[in-house]
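So that the names make sense, note that chain A is the first sequence line, chain B the second, and so on, each numbered from 1.
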Amino acid sequence: MALHPDRLFPADERTRAIARELHRNTADLPLVSPHGHVDPRLMSENRPFPDPARLFVVPDHYLTRMLYSQGVRPDELGVPSATGEPAEADGRTIWRRFAEHYRLFRGTPSKLWLDYTFAEVFGIYKDLGPDTADEFYDHLSARLAEPAFRPRALFDKFNIEVLATTESPVDSLEPHAALAALQGADGRKWGGKGGKVVTTFRPDNLVEPGWPGWKDRVEQLAAITGEDTATFDGFLTALRKRRQDFIAAGATCTDHGNLTAATEDDPKAAAGIYARALAGEATDDEVLRFPALMLVEFARMSVDDGLVMQLHPGANRNHNQWLYEGWGRDVGGDIPDATEYTRALKPLLDAFGNDPRFRIVLYTLDETVFSREIAPLAGGYAAVFAGAPWWFLDSPEGMRRFREAIHETAGFYNTAGFVDDTRAFCSIPARHDLARRIDASYLARLVAEHRMTDSEAAETAIDLAYHLPRKIYGLEQ
Amino acid sequence: MALHPDRLFPADERTRAIARELHRNTADLPLVSPHGHVDPRLMSENRPFPDPARLFVVPDHYLTRMLYSQGVRPDELGVPSATGEPAEADGRTIWRRFAEHYRLFRGTPSKLWLDYTFAEVFGIYKDLGPDTADEFYDHLSARLAEPAFRPRALFDKFNIEVLATTESPVDSLEPHAALAALQGADGRKWGGKGGKVVTTFRPDNLVEPGWPGWKDRVEQLAAITGEDTATFDGFLTALRKRRQDFIAAGATCTDHGNLTAATEDDPKAAAGIYARALAGEATDDEVLRFPALMLVEFARMSVDDGLVMQLHPGANRNHNQWLYEGWGRDVGGDIPDATEYTRALKPLLDAFGNDPRFRIVLYTLDETVFSREIAPLAGGYAAVFAGAPWWFLDSPEGMRRFREAIHETAGFYNTAGFVDDTRAFCSIPARHDLARRIDASYLARLVAEHRMTDSEAAETAIDLAYHLPRKIYGLEQ
Amino acid sequence: MALHPDRLFPADERTRAIARELHRNTADLPLVSPHGHVDPRLMSENRPFPDPARLFVVPDHYLTRMLYSQGVRPDELGVPSATGEPAEADGRTIWRRFAEHYRLFRGTPSKLWLDYTFAEVFGIYKDLGPDTADEFYDHLSARLAEPAFRPRALFDKFNIEVLATTESPVDSLEPHAALAALQGADGRKWGGKGGKVVTTFRPDNLVEPGWPGWKDRVEQLAAITGEDTATFDGFLTALRKRRQDFIAAGATCTDHGNLTAATEDDPKAAAGIYARALAGEATDDEVLRFPALMLVEFARMSVDDGLVMQLHPGANRNHNQWLYEGWGRDVGGDIPDATEYTRALKPLLDAFGNDPRFRIVLYTLDETVFSREIAPLAGGYAAVFAGAPWWFLDSPEGMRRFREAIHETAGFYNTAGFVDDTRAFCSIPARHDLARRIDASYLARLVAEHRMTDSEAAETAIDLAYHLPRKIYGLEQ
């Protein structure tokens, strides 16, 4: 579908004209992507992308969950089963099935992102549907075979300045090492400190003792770091050491996907639970409490080594039991929980919320906290920033509500800037385009209503799109 | 008041023009009313309506509660007391009192519905107020005496395709049987399977052991079905059998007004509580737990007999104790509770959320769950659909917020379509008119902002107004 | 900055024209300020205001908290420390520091209020920033030295009809007595019953036994009233008596800043806790329970003496521990809590919610309750009214969401009208201007969408701005 130059701008002509002008100044700024889930091997290996179905549909749970909600099973879409059941293997069949149901996405961000990608990245200016499915498939397949559509070529074409991936402490950082050894055409290193692709330290699978394989990973961490993780002190030392490896691989941030925002500052209790968990004797309550205790330990480490914390709580993981049993984690079966921040974060904020060496970015799936908790916290603690609307809220209306609910209490400069948070590499420009247009629209309304001046809005738009994420996620160096 | 043809459309001319066009295609579609509280006797007996006060004011707790909130007592409005106290008996006096306070309703849906009804149904194009109260009363009284204003004539004039009433398993289905014996002028049967008026199976008063008279109703159910309800198995068999009677009376749905959305899949526990409740020995906790257990039993029955479940939780019933003591249930004394769905529904969804034979429509009085819980559930389970904004949210702003919060995650096709949910028969066209205009307005905004195409929006508008409710509530046959 | 005459009106020209017209009728109405925190000594002593920094920046925690959230410490802004640490003393230095960070407030209500005040009150039509900081400081200092800028002169210039201050029962009412002895140029008394400045009875520090100094204050109350507060009966008698002093000082309202909205009607339990608290033996639970019990006692008193209750629950006080330890209470360290009203208020409403002698205005920091709880309560109880959006929500977007969420259920006439709730005297006209413009904008949208008529909206705008607060807060006499 051909993209309209005024897409996502308010209909009112007065406001639209302002939005258009504001957006003109941000449209070509480099993309800063401080949080996401692109596989670093994509960049280090730079192999051609697979077929269109495997590139766009199979791994994108935004898409497969919507089709599933209307009765199309994951195996019909080629999602690999967790139990060895066969799944549809033919890319074209999957693609046709997807095209047939594309109407389900009308007006949703998924469709806005895909239509942008088809048009702007792949040069297809038609509507996807049953009639055009094959044409799309052939066109996309042809493009994907070309060198200009290899990951690193697209990275540069997309004008990405920096892209953060996310790894666990026990993941290999070899792809990042390989990238660090590569020089880009622009003279910048592809990986490592200050590189184009950097990592993020995400220790979730080491702090949830109930997560299958936890003990093995704790031992793996010992092997990687040469520290004895049999004691809690050794565990902390190993984590600290591993963070240095991540920093060497370009990390400026950590990320924490705790079930809740609970925090507790009690190293002794943490040590006790750690010992009991290793011995297989921790209670269910202790297993849930350990991540809350560890969050404060990680904050303590951040004060020392400067990594910016990101907190992503509130996803009720694998809520759809049938999906989980059949297809495993991260296939679209998560549902948000109501999430409390104010009381939950107090122990962490008592300890570090006013420390100039510390910074934490708060995300939420529960938009009721935007005005009630996140804005007051971000506007009341030097260390706290409001993260971009996450996941179910990373949409035009979600982003608009985020600005409307946050801005008047916390201003613009306590928000951390857009993160695309995606594993769908090709959708990155589309997501930034959408976010910049929505921010331009919000600012345009403020200008049209004489709540800001043109020049204030122009500078703010650029700050939101570029300077703020660079600064707050520590990517300026 | 004369109705403006552009009423409820956005003010922006670009968007308004699109809304106008979208609405043009849905304005004349038949009305599908899969959930409501019209008395079936109205249709089966087809008697003239009572005087205007008793038709419009006395039974409508949207109206009486607003007047009460400003100090007009229910007895002054003719609401029959629960304690035998006298109430205002003169229709004209009640009507004048109402007209005198009509300003309280400025801009509210109640006024929009009434003004539509006065104009479009009764041909009065004036503003109701103290000065015109008598004129309205006389005009309405005259119309109501005419054959063209009998219920069945209005039903056809309103272009209602199907209207679902709501009955308890121990209610008589005779009105429905009478309707099934009647042929309409259009050749369709008035009642029974596929009829113009159908019933809905609402077992609340059989699953709340704390509701006065519960044991009597359980015995009544035995008498009606010929089953022995002294045991839990017998109770379930009786309910299953009674559902067949409802299906014969046209039912395609059940409805459940549980206090919360809690569910529990444990037939043994249910049987134990049932026995203790019959013996008068159930604890308070057990009494509250029983409806949660029964919800899963009803889901199990739905898988077998195909009735679509509707869940309406979260009304804190009879909150106003003084109103309840003086005038009984359903007089406007309910207040919403915060309501959790994600964890509450997990047992039911674990059991049937992915079963292609099962369907459940979720309603809420707590709009914070639209984006946080209902949209992700409807967009993540094949069996789940988002019900129309209910009660305090069945308003222009409520419907707009519903679309804005639900659509981007669940799309349009996981929403179940509008239900008028009314006992005020004459307001049905007004309510559908309002809902269609708000949906047209939302779609128009998406078109104006280039988030959907004209043709996508046109088809979607028709689907929302007509095809979706027919399909999802099982009314296509 | 020069103020645009259309500021805060919707951009759409059709709607803007209506808003402009609606606002024209309310712009010059007297300001009614039934709830705020201006120091009555300001009026009784009528001394010149201090320097611009001490007038605008130092005491306004909206401003200092935003600067603090970006790393500017309170002492750098001259906020007096609680521990005796030195703070910046030079007004001009503080002012420059503030001006340097003024960009943080872009588009926020704080900036809208300040810009209005600079322009409309002080006649400065420039943008505040590092370049103009000194010019502003000099200009403001010069004005503040003039007699026309003394508090009472400004009061009249601002066209304030009545201003309520807030005092504790153990605060001195002498400033109010002094005001009662003063005749205004308009012939009205400055203080006392029906005066221009009235007090409000706020007993928080007498009903929270955990608040340091509670016992001393209880004894102080005995000394002031001549009652024996050693018993609960005596305590209640003393409070009742003290309310008469407040009524004589013009009070028409009480105000209650309880931690939650919990209420309990159990005088015996209250008496027991009171005795144990005096003996230093109350448990933590009892300490928390006492304010809930007292709320019903205060309601009982209101039924007798006619004072209108205001309830402001849900502020998690002094959340920022570092700020609290360094600079004490009320310096911007509070964060809202999720707050439940429906169940919490039931005991109070069971007792008095339907009593024509009783009135309670509900405020909230948790906007999720607007549509779910406050609107249904205000629209369902004769005694309940919805208070204006409070604190973090006293902003253009917050006020818009308040109307959108409340109006359709409770109408306009169950809302109590705007309160500025400020200690920043010079900002009062700015705050009323903003509120009136936002209400005009909301009404204009309803008119533009043909949901209200012009004349309905015109009358409603005036009612909201003037008649409703006078009536509901008892200020008509």
Side-chain angles (χ1 to χ4, degrees), chain A residues 1 3-16 61-62 65-66 68-73 101 103-112 127 314 316 319-323 326 332-339 364-368 391-398 400-401 437 441, chain B residues 10-16 18 338 340-343 345-346 349-351 353-356 367-373 375-385 401 403-405 407-414 442-453 455-457 459-460 463:
Chain A
M1 203 167 75
L3 303 181
H4 197 286
D6 286 338
R7 64 191 179 279
L8 292 157
F9 293 154
D12 170 67
E13 192 50 48
R14 185 200 310 259
T15 317
R16 178 168 287 190
H61 57 67
Y62 282 74
R65 84 193 303 269
M66 179 71 99
Y68 173 60
S69 79
Q70 291 276 319
V72 184
R73 295 164 51 109
H101 291 88
R103 64 203 286 275
L104 299 177
F105 296 95
R106 281 177 184 166
T108 67
S110 290
K111 184 166 186 301
L112 293 169
D127 295 344
N316 192 320
H319 188 275
N320 190 322
Q321 185 66 14
W322 178 82
L323 270 186
D334 305 350
I335 307 283
D337 272 332
T339 306
T364 189
L365 295 174
D366 174 0
E367 63 178 305
T368 67
W391 207 343
F392 301 101
L393 303 169
D394 56 351
S395 60
E397 301 301 318
R400 174 182 59 76
R401 292 197 297 267
R437 284 169 181 273
S441 299
Chain B
D12 170 68
E13 192 50 49
R14 185 200 310 259
T15 317
R16 178 169 286 190
I18 302 168
E340 200 277 340
Y341 290 74
T342 297
R343 290 162 184 271
L345 289 173
K346 187 154 169 45
L349 296 174
D350 280 354
N354 303 287
D355 191 316
E367 63 178 305
T368 67
V369 304
F370 283 158
S371 76
R372 189 180 62 218
E373 305 182 30
L377 289 167
Y381 281 92
V384 177
F385 293 84
R401 291 196 299 267
R403 286 283 172 222
E404 290 175 1
H407 158 239
E408 295 180 313
T409 289
F412 290 111
Y413 292 91
N414 286 305
Y442 179 66
L443 289 165
R445 182 156 77 84
L446 297 186
V447 173
E449 296 176 1
H450 305 288
R451 292 153 69 183
M452 279 178 86
T453 64
S455 60
E456 285 177 323
E459 191 182 276
T460 304
D463 287 343

Part of [X] lying under 4.5 Å from any heavy atom of chain B:
X: A:Arg73; value: neither
X: A:Leu104; value: both
X: A:Phe9; value: backbone
X: A:Thr368; value: side chain
X: A:Arg437; value: neither
X: A:Asp337; value: both

Exercise. What option among A:Glu367, A:Arg7, A:Arg16 has the most heavy-atom pairs under 4.5 Å with chain B?
Worked result: A:Arg16
Seminar exercise, completed: One option among A:Asn320, A:Asn316, A:Asp12, A:Leu8 has the most heavy-atom pairs under 4.5 Å with chain B, and it is A:Asn320
For this session: Without swapping roles, check the side chain of B:Glu340 against the backbone of B:Thr342 for a donor-acceptor pair under 3.5 Å.
Result: yes
Taking side chain as everything from C-beta outward and backbone as N, CA, C, O, which of these in [X] sits under 4.5 Å from a heavy atom of chain A? Side chain, backbone, both or neither.
X: B:Ala378; answer: backbone
X: B:Ala410; answer: backbone
X: B:Tyr341; answer: neither
X: B:Asp463; answer: side chain
X: B:Leu349; answer: side chain

For this session: If the plane angle is over 60° it's perpendicular, under 30° parallel, otherwise tilted; pick one for B:His407 and B:Phe412.
Result: parallel
Exercise. So A:His319 and B:Tyr381, would you call those rings parallel, tilted or perpendicular, with 30° and 60° as cut-offs?
Worked result: perpendicular
Any [X] side-chain heavy atom under 4.5 Å of [Y] side chain:
X: A:Arg103; Y: A:Gln70; value: no
X: A:Ile335; Y: B:Arg343; value: no
X: A:Glu397; Y: B:Arg451; value: yes
X: A:Arg106; Y: B:Thr453; value: no
X: A:Leu393; Y: A:Arg401; value: yes

For this session: Begin from the C-alpha positions of A:Thr108 and A:Met66 and carry the test side chain to side chain contact (heavy atoms under 4.5 Å, CB included) through to its verdict.
Result: CA-CA 11 Å; A:Thr108 67; A:Met66 179 71 99; 4.2 Å; yes
Give the member of [options] that has the highest number of heavy-atom pairs under 4.5 Å with chain A.
options: B:Val384, B:Leu446, B:Asp350; answer: B:Asp350
options: B:Ala11, B:Ala375, B:Ala405; answer: B:Ala405
options: B:Arg372, B:Glu449, B:Arg445; answer: B:Arg372

Problem set entry | Check: A:Ser69/B:Asn414 side-chain N/O donor and acceptor closer than 3.5 Å | yes
